[in-house]
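Excluded from the calculations below are hydrogen atoms, water molecules and symmetry mates; all remaining heavy atoms, backbone and side chain alike, are included. Throughout, protein chains are lettered first and strands after them, A, B, ... in sequence-line order, and every chain is numbered starting at 1. Quick caveat: nothing in here was measured; it's all calculated off a predicted structure.
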Amino acid sequence: MNFGRLLRSAPTLWGLAGFLVVLAVWGPWIPTFVLTLLINLLLFASLAYSMNFIAGLTGYVSFGHVVFMGTGAYAWGYVVGTFGWHPLAGIVAGAAVGLVLALGIGSVALRFRGVYFAIATLVTALAARNIILVIPALGDGQGIILNLGFEPLTWFYTIWVILGIQVGLTYWVTHGRIGYGLRAIKSDEDAAKALGVDAARLKLFVFAFSGLFAGAAGALNVWTLSGVFPEPAFDLLFSLQMLAMVIIGGMGTLLGPLLGAVAVYLPHNYFLTVAVGAEFIVIGILVTFFALVVPQGIVGALRRYVPTLRGIIE
Amino acid sequence: MADASVIVAQVIFGLIRGILLGCVFALIALGLNLVWGIAKVVNIAHGELVMLGAYGAYFLNLFLGFNPLLTAPIDAALGLAAGLGFYFAILHRELRGKEAITLQSEMVTLVATFGLSLAISNLANIAFTGNFVGIPFDAGSIEIGFLQIPLAGIYVAVLSVVIISLTHVLLNRTYLGNAIRAYSQDIPAAKLMGINPTAVAAIGTGLAFAVTMAGGAFLTTLFPTGINPYMGALYAPISYVIVVLGGPGRMWGSLVGGLTLGIVIDVGQIFLGVEIAYAVAFLLLIPVLLLRPEGILR
Amino acid sequence: MSQTSEPEPAPPASKAGRTKLIAIVVAIVVILVALAAAAIYYFRLGGPCATPASLSDGPATVANPAWTAAPVIQSPEPTDKAIGSPTQAGTITVGFTISLTGRYTVEGTNSLRGLNATESWINTHGGITVGGQTYDVRLKYYNDQSDSGNVNQLYTTLIQQDGAQFLLAPYSSALTTAAAPIADGQDRVMMSHGGAADTIWTSTNRVNLVEVLSPASSYLKGSVDWIKANHSTDRIAVIHESDSFSTLAAQSAITYARSLGLTVVYNASYPTGTTDLSTQLNAAKLACADALIGGGHFNDGLLIMNQLKTTWTPKFVSLLVAVTEPSFQAQLQATANKVLGPSQWESGVTYSPALAQTTGIDWFGPTPAEFTQLYGTLNAGASPSYHSAEAGAALLVLADAIRRANSLNTAAVRAALGTMHIMTFFGEFQIDSRGLQVAHSMVVVQWQAGALKIVQPQDVAESPVQYPYTGS
């Protein structure tokens with residue numbers, strides 16, 4: 001394919017790429033305080049893209065997505081703490097565990113539709129946390145305490161790479177043959193099956209991606225905390241935030257998860273220091289509002305109501 | 001410790017406590033079951049209703065000195081109002097005029113109630129502080145040999161079963177109940193019979209909320225310090241499992257599911273520890289969904 | 001990738017030139033960058049941002065201008081100036097996060113009150129003198145909502161936005177673990193007043209984290225000692241929260257009890273946030289236990305006591321953390337009587353300047369009675385719990401270390417902390433090379449007729465242990 005066509009057909013992709021490149025070049029000069037904000041912003045964006053793979057592309061809403069973050073985090077803690085791996089290698093381990101777990105959970109849970117899938121994933125996450133609590137090698141309830149220092153730049157570039165891969169993959173998945181199949185599943189799974197779409201395999205495929213990146217992001221998250229503890233690692237709030245970002249940004253879109261992450265995360269520091277505790281009240285009301293009034297999210301609404309943007313953002 | 005008689009005594013205690021707990025779980029799950037069965041909406045904010053019910057009991061006790069058992073009717077009245085409000089503010093938008101609830105609407109209400117649950121629990125965290133509180137209510141206990149059974153637990157268990165039975169009678173023996181059941185089975189046919197679908201769905205939701213909040217009030221007697229803004233995060237998944245176990249729309253199914261879960265949790269912890277007992281209770285859902293999607297009752 | 005057709009229903013069908021598309025791409029980039037820039041600008045509004053990153057790279061001189069100049073500008077109107085001080089040079093900002101909502105509300109709130117009391121004491125007693133100039137202490141804190149996920153960002157904000165020159169750790173071991181790397185990464189001394197788990201220090205190589213309180217492993221030893229000395233045939237049941245602090249405390253107690261020849265008949269842990277322990281309590285009873293030790297934090301302590309009412313009446317109950325809080329008794333009333341618990345400090349302790357002199361070490365700060373009185377004045381007559389005292393003591397020790405180092409430099413103050421052996425109203429302070437507390441000792445307390453009495457060790461006891469526990 002030639003460059004011009006790709007550029008013409010994917011301005012959003014190039015926009016995102018430009019954004020990431022600007023961040024990467026700027027990286028070393030960003031003040032640490034802003035850098036920690038950006039790390040978290042990119043982490044949340046990465047989680048949103050992870051959720052987007054399954055909830056956005058297939059319409060399967062997973063309430064227990066934190067299970068991949070949590071197990072990824074523990075995999076990271078285990079290999080770094082016990083075998084002394086480099087934390088970066090630990091992230092790969094976290095991603096691998098997320099992938100394997102997603103294949104395992106997905107092969108069962110993806111048979112359930114709608115709310116049943118949501119509930120099945122939710123209880124799986126709760127059960128997984130409880131099981132981790134009694135594994136002595138993972139520090140039972142005590143967690144794994146590490147002291148790896150404060151390395152914002154390393155974290156920043158790690159999450160940058162993860163996010164970059166995700167954006168590329170999202171584009172590839174939505175614009176390839178797989179994309180057709182997924183859209184068919186999302187609008188009517190039975191009809192799609194009747195048309196010869198291998199629904200089970202496609203769903204498992206995107207769910208595996210979803211688990212892989214959630215595992216990697218979970219591992220990075222505990223790297224920034226220098227230790228893995230069961231409560232924060234399996235905090236269901238992560239699942240809910242991922243979902244909120246995708247819903248607000250726009251389900252199944254390329255730009256939506258980033259916009260959602262910006263919308264959900266940007267006021268975070270304000271809520272941490274000034275309006276303490278109000279954050280999730282606002283997010284909750286926003287989610288309810290979007291679900292009922294703007295189900296397409298920000299990106300969908302822009303495409304619908306601003307015709308000139310239709311060919312540009314996706 | 002390994003003595004067989006000790007194990008037997010522990011299991012008996014676990015069974016009794018599991019049954020008492022299971023009855024209250026069943027009542028809480030009944031609230032979810034009603035909405036799920038009637039309006040075909042899975043209310044993610046269900047756990048928050050339990051929490052509000054518990055706080056209702058707590059504040060009525062704190063400021064007016066109410067016995068937690070007596071707070072249940074007040075909680076129920078509040079729940080009825082909340083349910084009607086919830087129906088018209090959220091569900092009516094989505095369900096209005098629909099003849100059957102599609103997967104799409106199901107997901108919309110799922111996500112909308114999810115947003116609501118986040119907002120409510122965090123509002124409660126600001127309003128009530130995150131501190132764990134409890135009601136100092138001790139109705140004494142009866143001693144059978146080596147065992148002490150709290151009387152309060154027996155009261156709430158019996159009351160829970162009574163409420164579940166009354167709901168069953170209401171749904172099966174009254175005009176309103178028939179209308180609700182007709183609505184849940186076939187909306188166009190119900191309309192043809194002169195039933196106002198909006199009124200029926202709204203009343204059903206109100207009833208469900210009333211039952212849930214009463215259940216929240218009962219819980220406070222079983223868990224002396226368990227009242228906190230995020231308690232819904234535990235009772236909501238428990239309710240989902242119970243409803244799936246019993247089958248959505250089956251009122252007695254809730255009781256069976258509740259008892260199963262109560263016993264699995266309380267007897268399970270003797271052998272497996274708390275963590276694994278809860279994990280097993282949660283994961284019970286998966287084989288049931290795979291093998292018996294209609295619930296364990298036929 | 002298939003390029004045969006556009007997947008979206010509205011493809012860019014127009015024949016617009018490449019320039020237009022590039023313009024659109026640029027527009028999207030600009031929008032996103034503008035968003036980020038706006039965010040950064042917005043977050044910088046909070047206050048004069050300290051020089052980023054390089055702040056701590058300066059040479060270890062006594063009066064680093066970057067450190068001393070910044071706080072002067074942002075110092076609030078000084079309310080209580082020391083009289084007759086050499087030169088009022090400004091303030092020293094001490095930053096920390098504390099749990100004012102969430103799971104650790106009770107412990108966090110009392111820690112903050114204790115800090116406010118010692119802050120007030122330091123500032124009304126001449127502040128801290130460094131290089132011939134006096135500084136007031138200014139506390140800058142945020143509510144971490146008992147969530148370790150908030151800690152990273154809040155501490156970076158404290159250091160870079162609020163110009164915190166020294167840090168205090170948050171409450172609880174989990175939050176302290178999350179905060180500790182920032183102390184080393186951003187080169188600030190951090191005083192731990194609520195993170196007692198030994199593993200925070202022992203499993204890693206920390207530098208700037210300094211412990212003020214006794215480590216978790218020593219919490220329950222006093223209770224075990226008393227059982228050994230007085231009722232050595234009592235069988236012990238241990239039920240504890242499974243977090244690092246409680247597990248360390250409980251497991252050390254079990255090992256210690258067994259080494260003394262005592263019998264431990266039951267041992268179970270429960271996850272954080274549990275709301276029902278009746279099965280475990282009943283199992284302990286059926287295992288014929290006489291004594292119950294363990295617990296976790298405030299909420300679980302209350303839960304255990306409430307469920308004991310209807311399950312079991314052990315002869316001896318000793319629980320972590322919860323017992324020493326005044327609200328424990330306020331909520332349980334008579335049920336709290338005869339319940340024991342380890343305490344880092346009580347207002348009845350006998351530490352005094354005279355004792356310090358006999359021991360041959362220096363004294364710093366108010367006496368226990370003065371601290372209790374000051375705390376009461378500031379908090380409508382409330383009495384301090386040990387959480388108040390340990391937090392307050394952390395600030396006092398820090399102030400003394402700054403004074404001794406005669407410098408605001410992190411390395412100099414940390415070096416002073418490493419060599420100090422002093423006594424405050426909280427007890428002795430001395431750390432080992434890792435920063436772990438070695439000199440402070442704990443007491444055992446018991447609620448007796450609605451009052452908290454020190455019962456162990458013998459030499460400081462206000463009253464003998466009342467035994468057995470009766471449930472009312």
Of the backbone (N, CA, C, O) and the side chain (C-beta and beyond), which part of [X] lies under 4.5 Å from a heavy atom of chain B, both, or neither?
X        : result
A/Val282 : neither
A/Val115 : both
A/Leu240 : both
A/Phe289 : neither
A/Phe112 : side chain
A/Ala128 : neither

(message) Looking at chain A, which one of B/Phe114, B/Tyr240, B/Tyr278 has the largest number of heavy-atom pairs inside 4.5 Å, strictly under?
(response)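 Option with the top pair count is B/Phe114.
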(request) Fit a plane to each ring of A/Phe117 and A/Phe207, take the angle between them on a 0 to 90° scale, and name the class: parallel (under 30°), tilted (30 to 60°) or perpendicular (over 60°). (result) perpendicular
(message) Strictly distance-based, threshold 3.5 Å: is any side-chain N or O of A/Asn52 a donor or acceptor partner for the main-chain N or O of A/Val246?
(response)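 Flag not set: sc A/Asn52 to bb A/Val246 has no pair under 3.5 Å.
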(request) For A/Ser239 and A/His65, indicate whether the former's side chain and the latter's backbone hold a donor-acceptor pair under 3.5 Å. (result) yes
(request) Would you sort out whether B/Phe209 and B/Tyr87 count as a ring-ring contact (aromatic ring centres under 6.0 Å, His included), showing the intermediate values? (result) CA-CA 10 Å; B/Phe209 278 37; B/Tyr87 179 82; over 10 Å; no
[X] versus chain A, heavy atoms under 4.5 Å apart: side chain, backbone, both or neither?
X        : value
B/Ile126 : side chain
B/Ile286 : both
B/Val280 : neither
B/Leu285 : side chain
B/Pro248 : side chain
B/Ile44  : side chain

(message) So which atom in B/Ile265 and which in B/Ala281 form the shortest heavy-atom distance, rounded to 0.1 Å?
(response) CG1-CB, 3.8 Å
(request) To the nearest 0.5 Å, tell me how far B/Ile187 CD1 sits from B/Gln185 CD. (result)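 Answer for the CD1-CD pair, B/Ile187 versus B/Gln185, is 11.5 Å.
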(message) Quick check for you: to the nearest 0.5 Å, what is the distance between A/Ile105 atom CD1 and A/Thr121 atom OG1?
(response) 8.5 Å
Among [options], single out the residue with the greatest number of heavy-atom pairs under 4.5 Å to chain B.
options                                : answer
A/Val287, A/Ile132, A/Val293, A/Ile285 : A/Val287
A/Leu286, A/Ile247, A/Asp188           : A/Ile247
A/Leu237, A/Leu236, A/Leu126, A/Ile131 : A/Leu126

(message) Under the criterion side chain to side chain donor-acceptor pair (under 3.5 Å), I'd like the reasoning laid out for A/Tyr305 against A/Gln296: C-alpha separation, chi angles, the key distance, then a yes or no.
(response) CA-CA 11 Å; A/Tyr305 298 111; A/Gln296 323 88 337; 5.0 Å; no
(message) Any non-hydrogen side-chain atom of B/Phe282 less than 4.5 Å from a side-chain atom of B/Ile238?
(response) yes
(request) May I ask you to decide whether A/Glu231 forms a salt bridge with A/Arg129, counting only side-chain N to carboxylate O separations under 4.0 Å? (result)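 Counted as a salt bridge, because a side-chain N and a carboxylate O are separated by less than 4.0 Å.
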